[in-house]
**Student:** 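This is the structure, below, for whatever I ask next.
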Amino acid sequence: MTTATSAQHRIRITRAVRERLEQEARAAAPFECCGFLAGRGDLIHALYPLRNVAERPTVEYFADVREVLAAFRTMRARGEELLGIYHSHPTSAAFPSVTDIERAYYPEAVYFIISLQPALDLRAYRIISGKVEAVAVEIVEGA
Ligand SMILES: [Zn+2]
């Protein structure tokens, strides 16, 4: 499979959403948190936390299906698009695990991983057909 040459390699996120991400990750630890990131164009301005119902929530995530559907309804009502999917790595680096890559069901979304340990780190990726590409994250002030 080839990907479009216009594939996005940069995404913008408001500082408020960046801070919420860190709060969600810290509150969920030692479990992973997960959720949707929504907005318009290439700017993420909304965060939808989703319950992590994975069997081993310290090392994987799987969002509650009913909460996923509810989030899609709210996004549609607000005229937002699903731009990103986030989860945390409480004790490992911000790089997708084998499971993360296998379960990357939304090729159009940017996958955000926030790591708490060994260092606080936020990174984003496109994961398409098992291929991982880094996406640059730009923090937008006052949006
Ligand atoms: Zn992961």
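Order of listing sets the numbers, starting from 1, for every ligand and every atom in it. Numbering of residues begins at 1 and proceeds along the displayed sequence.
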**Student:** Kindly give the atom name of the N, O or S atom of D100 closest to the Zn ion (ligand 1).
**Tutor:**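 Nearest N/O/S atom of D100: OD2.
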**Student:** Looking only at N, O or S atoms in H87, which is nearest to the Zn ion (ligand 1)?
**Tutor:**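 Atom name returned: NE2.
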**Student:** Check whether the side chains of H87 and D100 place a donor and an acceptor atom closer than 3.5 Å, and report yes or no.
**Tutor:**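 Note: H87 and D100 side chains meet the donor-acceptor criterion.
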**Student:** For atom CZ of F62, is the number of surrounding heavy atoms from other residues, nucleotides or ligands below 6.0 Å larger than 12?
**Tutor:**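 Counting neighbours around CZ of F62, 12 or fewer heavy atoms of other residues, nucleotides or ligands fall under 6.0 Å, so no.
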**Student:** Measure up the Y106 and F72 rings against each other and bin them: parallel (under 30°), tilted (30 to 60°), perpendicular (over 60°).
**Tutor:**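 Y106 and F72: tilted rings.
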**Student:** Check step by step if ring pair (Phe, Tyr, Trp, His ring centres under 6.0 Å) holds for Y86 and Y111.
**Tutor:** CA-CA 6 Å; Y86 73 86; Y111 284 82; over 10 Å; no
**Student:** Starting from the Zn ion (ligand 1), look over the N/O/S atoms of H89 and name the nearest one.
**Tutor:**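 The closest N, O or S atom of H89 to the Zn ion (ligand 1) is NE2.
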